[in-house]
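Structure record follows, encoded as structure tokens.
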Amino acid sequence: MSKLKNKRDADQARGGADEASLAAACRRGERRAQRELYERYKDPMYGLCLRFADTPEDAEDLLQEGFIRVFRDIGTFRGSGSLEGWIRRVVLHTGLQYIRKRQNELPMVDIAALEHLLAENPIGDDPYEPGRLVKALQQMPPGFRAVLNLYVVEEQSHEEIARELGIAVGTSKSQLQRAKAFLRRLLDKTMLLL
Amino acid sequence: MNELYDEEPELHDELLRDRLRTYAPPAPDRVWNRVAARLTEQEETRPMLFCWIIVAVLSLLWLGHSAYSTGYERQAAVPTRQQPSPFSTPELPLPATPTPAGNADFTSGIAENSTVTTQKPSGQLRSKAAQRQNFAEPARMIDAFAAAHNATGPSHAEPGAAPVDLLPVSTPAIHSEGNQNQAIDRLPLRQYTLQPLTAGPLPTAFPALLPPAVPVPARRQRGFELGLGIGPIWTIRNEAPEAPAPGHNLVFLEKIHTSSGTQLGISLAYRFAKRWRIESGLWRQSSLQHTSHSAQLRLMDGVCLNPQDPGIKTYEFQYDLLTTSGPSDVTVRIAQVDPHVSMPADEPFTLYMSTTRRSVDWTIPLTVQRLIGNGPWQLALRAGSAGSMRSRTVLSVDHFTEQCIDLCFASNHTPVMEARQERAFAVQYLAGAGLGYQLSPRLSVQLEPVLSGTLWSSTASGRPLRVILNAQTNYAF
């Protein structure tokens, strides 16, 4: 009986809860609402994490850390914008922190992974296939990846990027050009010589 | 792709944006399990943290109280020879009112003259025999105690027994004439003679409840003690970096990841009172600090050491490195691996480095210690100050990377970093609370967390705060 009741409640929560009530329930720490929120936005956020992370495993860690922060800071969401946009910003900042940490490490290009990637995606396929693009992004140095993501995908200006990453505006511009060139060469199999 | 990028770069960007922004692969289900586990852990951790704090505080209080009270009891249990009291009152004549011969008459007298009646909760009046029993019980206990400890006197079990060898104890005030309280008037004047007290343990009503006696090594009241201490150091708050020196246009930004170290030292203490020590000595504090730096560089800011060389070019940069002990001059030398790649001299690039800083400080403390407790365990409270001098700093680069592919630094080529630092002096305050144990009359051990904060420093503007867990052995001579 209680299982049926729980299921009915879950169905109701899943179907009817709008963003504000969902956020309010999450604020109260209701695990069912947190699960609902996670299920709603996990896939686009995982795609975002994959773009910032080096590996799919790191992306999972980023997704986990991002949602932990979402549930911790959901009290600061006032409902002025969309909940998805707010969650996206939180996860994005988690990704940027990851990039900042990775910047202190050596840029390593995994040649074996790159060969595997190219074998899986032979020439002639759509060069803009998202999975392939993401895997190419993962092969880039963290700094390039961050600037390319923020400028091209998140549509931030160079001033915003410079502020986010703590670099000069000129550096952001030059990094972007190099990142694009890097991506081009990577996707055209020319970066195997690295 | 190349054609599209060359011809219409904006369209290329838009394609990238569309494809990447809408990319939403299914997230693995295991991630939610991990998120839920973390959330549960956080919810459980918060009350548990408070519980632990409460338990820790209560344990400390209990420990302190035990150490103090155990010492107090042992001090009280030291046998002393008691002298006869000079204030013994002479034997006074018995009052005119005939004293009841025994306890039975006494209690019956009370019952007859008193108007007080007692009632059981059920409303039933107590019997006279029960009332007599209630009044007689404390007196019987006193008699039993006196009989067990060589005192002689009238026994309530044997009414009418005459007092023998009585030490005169009397309460004349209650025998004044005209006293209307017959019950007090009729109190039997019982007099006891106590045997001369001899040295020995005091009687105890509940011997089983007392802790077993532990032999306490006799502690020296005064004298010098030599100590040897060792312990780890944790930095709670690091020093704040200073502003760059004028004339240096390139600055490293520093992030401190971890900072820890060890302390090794000798101490000389003088116990000037039973519970007070003054202590000084020499501590060697070595610390290890992992930091990361980032710098905005341009080739034009450096000096090419081999401009005529067609091969690998080496650049040298002079920096003002912001450190935890003030600014220091740093030389970074980087080699460009690929000589065929040219880079504009004014093109900024970012260099990231992780460094390890090893430093050694010599500290002379001067502290006063208050000891609490008389048993083998003692609480020790410490307060004082210390002067320290930084003698040596070694800086090494663990790894580095740069956001600049055209310059092509080799990833296995670590920049050479040399740091020259001025000597640093600081005055610190010390405060600690620890626990000591007396192993023998001359030997004791002590474990004590000491908080060390900087009051003044000759170089840095910050106020670092450190905790030292000092384990020390003291030898009294």
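Proteins come first, then strands; the chains are lettered A, B, ... in the order of their sequence lines, and each starts at number 1.
- The closest side-chain heavy-atom distance from A:Leu50 to B:Tyr23 is below 4.5 Å.
- Side-chain contact check for B:Pro26 versus A:Tyr46: every heavy-atom pair is 4.5 Å or farther apart.
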Checklist entry - Should B:Leu20 and A:Val152 be marked as a side chain to side chain contact (heavy atoms under 4.5 Å, CB included) after you check the CA-CA gap, both sets of side-chain angles, and the distance that decides it? => result CA-CA 9 Å; B:Leu20 288 175; A:Val152 175; 5.9 Å; no
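- Looking at A:Glu65, the atoms closer than 4.5 Å to chain B (heavy atoms on both sides) all sit in the side chain, from C-beta outward.
- Of the two parts of A:Glu155, only the side chain, counted from C-beta on, holds a non-hydrogen atom closer than 4.5 Å to a non-hydrogen atom of chain B.
- Each of A:Leu63, A:Ile68, A:Asp61, A:Leu48 has some count of heavy-atom pairs under 4.5 Å with chain B, and the biggest count is that of A:Ile68.
- Considering CD of A:Gln64 and CZ of B:Arg30, their distance stands at 11.0 Å, rounded to 0.5 Å.
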Next on the checklist: What verdict does the side chain to side chain contact (heavy atoms under 4.5 Å, CB included) test give for B:Val35 and A:Arg35, after you've listed the backbone C-alpha separation in whole Å, the side-chain angles of each residue and the deciding distance to 0.1 Å?
Outcome noted: CA-CA 9 Å; B:Val35 170; A:Arg35 179 71 190 262; over 6 Å; no
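- Scanning all heavy atoms of the two residues, the minimum distance from A:Gly47 to B:Pro25 falls at CA-CD, 3.7 Å.
- At a 4.5 Å heavy-atom cutoff, the contact between A:Leu137 and chain B is made by side-chain atoms alone.
- In this structure, A:Arg72 CZ and B:Arg38 CZ are separated by 9.5 Å, a value rounded to the nearest 0.5 Å.
- In this structure, the portion of B:Asp29 lying under 4.5 Å from any heavy atom of chain A is its side chain and not its backbone.
- The structure places CD of A:Glu60 at 5.5 Å from CZ of B:Arg34, a figure rounded to the nearest 0.5 Å.
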Checklist entry - How far apart are the C-alpha atoms of B:Leu16 and A:Val153, what are their side-chain angles, what is the distance that settles it, and do they pass the side chain to side chain contact (heavy atoms under 4.5 Å, CB included) test? => result CA-CA 7 Å; B:Leu16 275 180; A:Val153 187; 5.9 Å; no
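- At a threshold of 4.5 Å between non-hydrogen side-chain atoms, the residues B:Val31 and A:Lys42 do not count as touching.
- The aromatic rings of B:Trp32 and A:Tyr38 are tilted relative to each other, their planes meeting at an angle between 30° and 60°.
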